[in-house]
Amino acid sequence: MISVVGIGPGDANFLTTEATGVLKIADTVFGSERQLQEISNITTATKQLLPKKLAELKTVPHEGKEIVILASGDPLLYGIGNWVLRHFTSEVRIVPGISSIQMMFHKMKLPMNDCFITSSHGKTPDFDFLLQHSKVAMVTDSLIGPYEIAQEILKRGLQKIIYIGENLSTTEEQIHQLAPNKVAKKYDMNVVVIVDER
Ligand SMILES: C[S@@+](CC[C@H](N)C(=O)[O-])C[C@H]1O[C@@H](n2cnc3c(N)ncnc32)[C@H](O)[C@@H]1O
């Protein structure tokens, strides 16, 4: 059986009991170095780095074996779970995790209701479309992050507040609430929430 297990935004305290249970019975666990480190105390399974070419996962023998693929946050929110569902014809189990976006809203004590969720990973978002929404949450990459998003808001003369959550649930966590013209050029791994200024 192939299971994609969401391990939350970083801190192992946010792992669900279901995720821990699946990890405990796993034969092999695939993940990034950081992810494998995070779950190292939970499972005695063989740990393997996720191959650079994900397609190689398809050749891993999984008949009669419990194979786990780790996903940061939630597997189906811009995560590897979506790739696995598209590429495996055999039965796949998806174990939900707490996403970085969910974590961010809880840190800000802001309702998630009616939020438009998107990503800048490997694509240029349609800013005209997304900035029409009164509440937007984005996972970002190093090319289009808080600064680039802020510039798009300034270009359009919109009245918005930007929240940036860096390294959520880790010891380096930082939450910023800024006007677009105050957003710095560089932040660590982050989630951005954009809301209309009231
Ligand atoms: C490929 S996406 C995966 C999102 C993940 N599936 C989720 O539900 O959070 C990776 C992006 O998620 C965000 N992210 C993941 N963990 C984070 C954390 N601990 N703090 C801030 N942002 C995080 C960052 O924008 C990062 O570039």
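One-based numbering, in listed order, for ligands and for the atoms of each.
Among Tyr187, Tyr78, Phe14, the residue whose heavy atom sits closest to atom 1 (C) of ligand 1 is Tyr78. Relative to atom 16 (N) of ligand 1, the option among Gly145, Gly6, Ser100 with the closest non-hydrogen atom is Ser100. Distances from atom 25 (O) of ligand 1 to the heavy atoms of Val192, Asn190, Val191 show the closest one on Asn190.
Linking ILVMFWY residues whenever their side-chain heavy atoms come closer than 4.5 Å, directly or via other members, places Leu54 and Phe30 in the same cluster.
Of the protein's heavy atoms, Val139 CG1, 3.5 Å lies nearest to atom 12 (O) of ligand 1. Taking atom 27 (O) of ligand 1 as the reference point, the nearest protein heavy-atom neighbour is Thr140 O, 2.8 Å. The protein atom (non-hydrogen) at minimum distance from atom 11 (C) of ligand 1 is His121 NE2, 3.6 Å. Among all non-hydrogen protein atoms, the one lying nearest atom 20 (N) of ligand 1 is Leu168 N, 2.8 Å.
Counting heavy atoms under 4.0 Å from ligand 1, residue Met104 does not touch it at all. With a 4.0 Å cut-off on non-hydrogen atoms, Asp141 does not touch ligand 1 at all.
Heavy-atom distances between Ser72 and ligand 1 reach below 4.0 Å in at least one pair.
Expressed to the nearest 0.5 Å, how far CD of Glu148 lies from CD of Gln151 amounts to 8.0 Å. From Tyr78, atom OH reaches atom OG of Ser120 across 10.0 Å, with rounding to the nearest 0.5 Å.
The shortest N/O to N/O separation between Glu166 and ligand 1 does not fall below 3.5 Å. Considering backbone and side-chain atoms alike, Pro9 places an N or O below 3.5 Å from some N or O of ligand 1. In terms of polar-atom proximity, Leu77 is counted as a contact of ligand 1, with an N or O under 3.5 Å from an N or O of the ligand. Polar contact check, Gly165 against ligand 1: no nitrogen or oxygen pair lies under 3.5 Å apart. For ligand 1, the polar-atom distance check against Thr170 finds no nitrogen or oxygen pair separated by under 3.5 Å.
Salt bridge annotation for Lys135-Asp114: absent, with no cationic side-chain nitrogen under 4.0 angstrom from a carboxylate oxygen. For Arg93 and Glu66, the salt-bridge test passes: some basic side-chain N is under 4.0 Å from an acidic carboxylate O.
Between the side chain of His121 and the backbone N or O of Thr140 there is at least one donor-acceptor pair closer than 3.5 Å.
Within a 6.0 Å radius of NZ in Lys123, more than 12 heavy atoms belonging to other residues, nucleotides or ligands are found. In this structure, Gln37 places its CD atom where only 12 or fewer heavy-atom neighbours from other residues, nucleotides or ligands lie under 6.0 Å away.
Annotation for Val22 and Val68: closest pair CG1-CG2, 3.8 Å, computed over non-hydrogen atoms.
The ligand atoms of ligand 1 that sit less than 4.0 angstrom from a heavy atom of Gly73 are 7 (C), 8 (O), 9 (O).
Here Phe116 and Phe129 bring their ring centres to under 6.0 angstrom of each other.
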